[in-house]
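Here the structure is laid out as structure tokens; the discussion comes afterwards.
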Amino acid sequence: MEPIKSRVLVVGCTGYIGRLMAQASLDLNHPTYLLVRPDVVHDIRRVEIVLGFKAQGAKLLEGSLDDNESLLAALKQVDVVVSAMAENRLLSQLKLVEAIKQAGNIKRFLPSEFGMDPDRMHHALKPGNHVFESKREVRRAVEAAGIPHTFVSANCFAGYFLSSLAQFAQFMPPKEKVFIYGDGTAKVVWVVEADVGRYALSTVDDPRAVNKTIYIRPPANVLSQKEVVEMWEEMSGVTLVKCHIPEEDFLRDLQGPPSPKNEALSIFYHVFYKGECSNFDISDDVSASHLYPHIDYMSASSYLKRFL
Ligand SMILES: NC(=O)c1ccc[n+]([C@@H]2O[C@H](COP(=O)([O-])OP(=O)(O)OC[C@H]3O[C@@H](n4cnc5c(N)ncnc54)[C@H](OP(=O)(O)O)[C@@H]3O)[C@@H](O)[C@H]2O)c1
């Protein structure tokens, strides 16, 4: 007999990774509830997304982080909350933390994280460092409120990073030339988004994951940018012109006025020059691959084959 699955509320279910959280919750047979903000009615794309989940059995609960009453009513119906709030709204989760504390019935909370571990990124460069600061602030509020939680570090989403062999603001492989960060040998962890959802949702009823940071680091997907470029060249038969960007040039270009581009690039620095997704050891008890060996994650190679 299958164990009873917790009821999961997904916040931010129409977002880039929130959609995969909702889908994973449904696929893993959790009774799935979606917080649907009133303004969804004005956005045909989001209406279609929530209707697609409703057709699969999700329950739609109207509410918003700005409306404590609706939030409490939603929280009372579930056991677990998974938040996939947007980066520029991370601190709005402090209201969610307060409501979870007030509701008193939530057995697990996963705040919006799913990147590098913010507690290992105190030294992060400006201007992208504020994302880590906000995630840390939410972590500390969750801990102070005594809310059982799991923080999920998912490293580099394949769609954002692997699809273009890590070319900035591009989401398909380059055709002629590829920019390589330094010598391209820093090890990076590439994770396909659907797998982020599957691993994250696997933690919610797992007592081994309570009050821990769980790292998604699929062994076959710990590859340098150079290895990924070589993999693509071999499968596509295309030889790309390599343009190496020396570290000092990259850092100099970051000095300009703060902009969303520079925010993202400052995170690229830590990933591709410093190898900070993988330059520390993780023990088996916090490794998603070790805890959930049955998850047949997608390899970087299979992901790239989709572009052939
Ligand atoms: N590791 C990686 O490579 C990587 C890449 C991208 C993102 N991330 C992380 O994943 C998390 C989610 O990012 P994302 O890109 O998936 O987010 P997103 O698609 O930009 O937005 C997620 C959700 O945030 C809610 N939201 C946005 N603006 C709002 C507003 N003004 N008021 C209330 N709610 C608002 C929306 O919820 P509704 O659905 O309710 O409308 C939206 O669907 C972040 O923590 C981010 O750092 C990691």
Side-chain angles (χ1 to χ4, degrees), residues 9-24 33-54 58 60-67 70-71 74 81-96 110-118 121 124 128-139 151-164 166 168-169 171 188-197 199-200 215-218 221 260 263-268 270-272 276-278 288 300 303:
L9 175 70
V10 180
V11 176
C13 69
T14 69
Y16 182 71
I17 198 65
R19 273 175 290 166
L20 281 311
M21 295 294 162
Q23 191 59 57
Y33 297 70
L34 308 176
L35 192 72
V36 178
R37 292 185 292 138
D39 75 345
V40 79
V41 298
H42 303 297
D43 184 338
I44 184 68
R45 189 189 64 87
R46 287 194 291 149
V47 168
E48 285 302 327
I49 292 170
V50 294
L51 285 179
F53 289 133
K54 182 170 179 286
L60 311 186
L61 303 177
E62 192 170 311
S64 124
L65 301 196
D66 298 322
D67 173 4
S70 67
L71 202 49
V81 180
V82 176
S83 168
M85 187 50 67
E87 262 179 15
N88 61 1
R89 295 273 304 173
L90 288 168
L91 291 180
S92 67
Q93 294 177 108
L94 295 174
K95 294 178 195 163
L96 180 56
L110 274 59
S112 182
E113 292 227 351
F114 318 118
M116 297 167 85
D117 178 354
M121 297 305 296
N129 62 335
H130 76 89
V131 172
F132 298 121
E133 283 171 1
S134 299
K135 288 181 179 180
R136 282 198 294 273
E137 191 171 336
V138 173
R139 280 186 175 197
F151 303 139
V152 177
S153 169
N155 294 300
C156 296
F157 290 178
Y160 272 91
F161 292 92
L162 182 60
S163 57
S164 64
F168 183 72
F171 308 107
V188 178
V189 183
W190 321 81
V191 190
V192 175
E193 287 81 343
D195 292 331
V196 175
Y199 281 119
Y215 297 88
I216 307 180
R217 193 188 277 186
N221 288 0
E263 278 185 23
L265 281 175
S266 65
I267 294 174
F268 267 54
H270 294 285
V271 172
F272 294 105
E276 290 180 87
C277 288
S278 64
Y303 186 84

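Atoms considered below: every heavy atom in the structure, side chains included; atoms not considered: hydrogens, waters and symmetry mates. One is the number of the first residue; the rest follow in order along the sequence. First listed ligand is number 1; within each ligand, the first listed atom is number 1.
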Margin query: Please determine whether salt bridge (charged side-chain N to carboxylate O under 4.0 Å, His left out) holds for the pair Asp39 and Arg46, giving the CA-CA distance in whole Å, both sets of side-chain angles, and the decisive distance to 0.1 Å.
Written below: CA-CA 10 Å; Asp39 75 345; Arg46 287 194 291 149; 3.3 Å; yes
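- Between atom 13 (O) of ligand 1 and the options Met21, Lys135, Met85, the minimum heavy-atom separation is to Met85.
- At a heavy-atom distance under 4.0 Å, no atom of Asn88 approaches ligand 1.
- Nearest protein heavy-atom contact of atom 41 (O) of ligand 1 is Arg46 NH1, 2.6 Å.
- Between the side chains of Tyr16 and Glu193, at least one donor N or O sits under 3.5 Å from an acceptor N or O.
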Check: Checking side-chain contact (heavy atoms from CB on, under 4.5 Å) for the pair Glu113/Val152: CA distance, chi angles, key distance, verdict?
Finding: CA-CA 6 Å; Glu113 292 227 351; Val152 177; 5.6 Å; no
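- Close approach of ligand 1 to Thr14 is summarised as follows: ligand atoms under 4.0 Å from at least one heavy atom of the residue are 38 (P), 39 (O), 41 (O), 43 (O).
- Contact atoms of ligand 1 toward Asn155: 1 (N), 2 (C), 3 (O) (distance under 4.0 Å to a heavy atom of the residue).
- Closest protein heavy atom to atom 16 (O) of ligand 1: Ile17 N, 2.9 Å.
- For atom 30 (C) of ligand 1, the closest non-hydrogen atom on the protein side is Arg89 NE, 3.3 Å.
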Next item on the list: Kindly determine whether Arg139 and Asp117 satisfy salt bridge (charged side-chain N to carboxylate O under 4.0 Å, His left out), including the steps that lead there.
Entry: CA-CA 11 Å; Arg139 280 186 175 197; Asp117 178 354; 3.0 Å; yes
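- Taking atom 46 (C) of ligand 1 as the reference point, the nearest protein heavy-atom neighbour is Glu87 OE2, 3.4 Å.
- Shown in contact with Phe114 at under 4.0 Å from a heavy atom are these atoms of ligand 1, numbered in order with element: 1 (N), 2 (C), 48 (C).
- Closest to atom 37 (O) of ligand 1, if we only count protein heavy atoms, is Gly12 CA, 3.3 Å.
- The single protein non-hydrogen atom nearest to atom 45 (O) of ligand 1 is Ser112 OG, 2.8 Å, given as residue, atom name and distance.
- In this structure, atom 5 (C) of ligand 1 lies nearest to the protein heavy atom Phe157 CD1, 3.2 Å.
- We find that Lys95 and Asp67 are not joined by a salt bridge, their nearest charged nitrogen and carboxylate oxygen being 4.0 Å or further apart.
- A donor-acceptor pair under 3.5 Å is absent between the side-chain atoms of Asn155 and the main chain of Arg217, judged by distance alone.
- Neither the backbone nor the side chain of Ser64 has any atom closer than 4.0 Å to an atom of ligand 1 (non-hydrogen atoms only).
- Distances from atom 35 (C) of ligand 1 to the heavy atoms of Glu193, Arg37, Glu113 show the closest one on Arg37.
- Those atoms of ligand 1 that come under 4.0 Å of a heavy atom in Tyr16, given as number and element, are 15 (O), 16 (O), 19 (O).
- Between the CD atom of Gln93 and the CE atom of Met85 there is a distance of 6.5 Å, given to the nearest 0.5 Å.
- At least one donor-acceptor pair under 3.5 Å links the side chain of Ser266 to the backbone N or O of Glu263.
- Ring geometry for Phe268 against Phe161 counts as tilted: the plane angle lies between 30° and 60°, on a 0 to 90° scale.
- Contact between Ala154 and ligand 1 is absent, with no heavy atom of the residue lying under 4.0 Å from the ligand.
- For ligand 1, the atoms lying closer than 4.0 Å to a non-hydrogen atom of Phe161 are 3 (O).
- Residues Val82 and Val11 are not in side-chain contact: their nearest non-hydrogen atoms beyond the backbone lie 4.5 Å or more apart.
- Looking at heavy atoms from C-beta onward, Leu20 lies out of side-chain contact with Val196 at the 4.5 angstrom threshold.
- The nearest protein atom to atom 23 (C) of ligand 1, hydrogens excluded, is given as Ala84 O, 3.6 Å; this is a heavy-atom distance.
- Close approach to Gly115 involves these atoms of ligand 1, each under 4.0 Å from a residue heavy atom: 1 (N).
- Selection from Ala86, Pro118, Ala22, Cys277 by nearest heavy atom to atom 18 (P) of ligand 1 gives Ala86.
- Between Cys13 and Arg19, the closest side-chain pair of non-hydrogen atoms is not below 4.5 Å.
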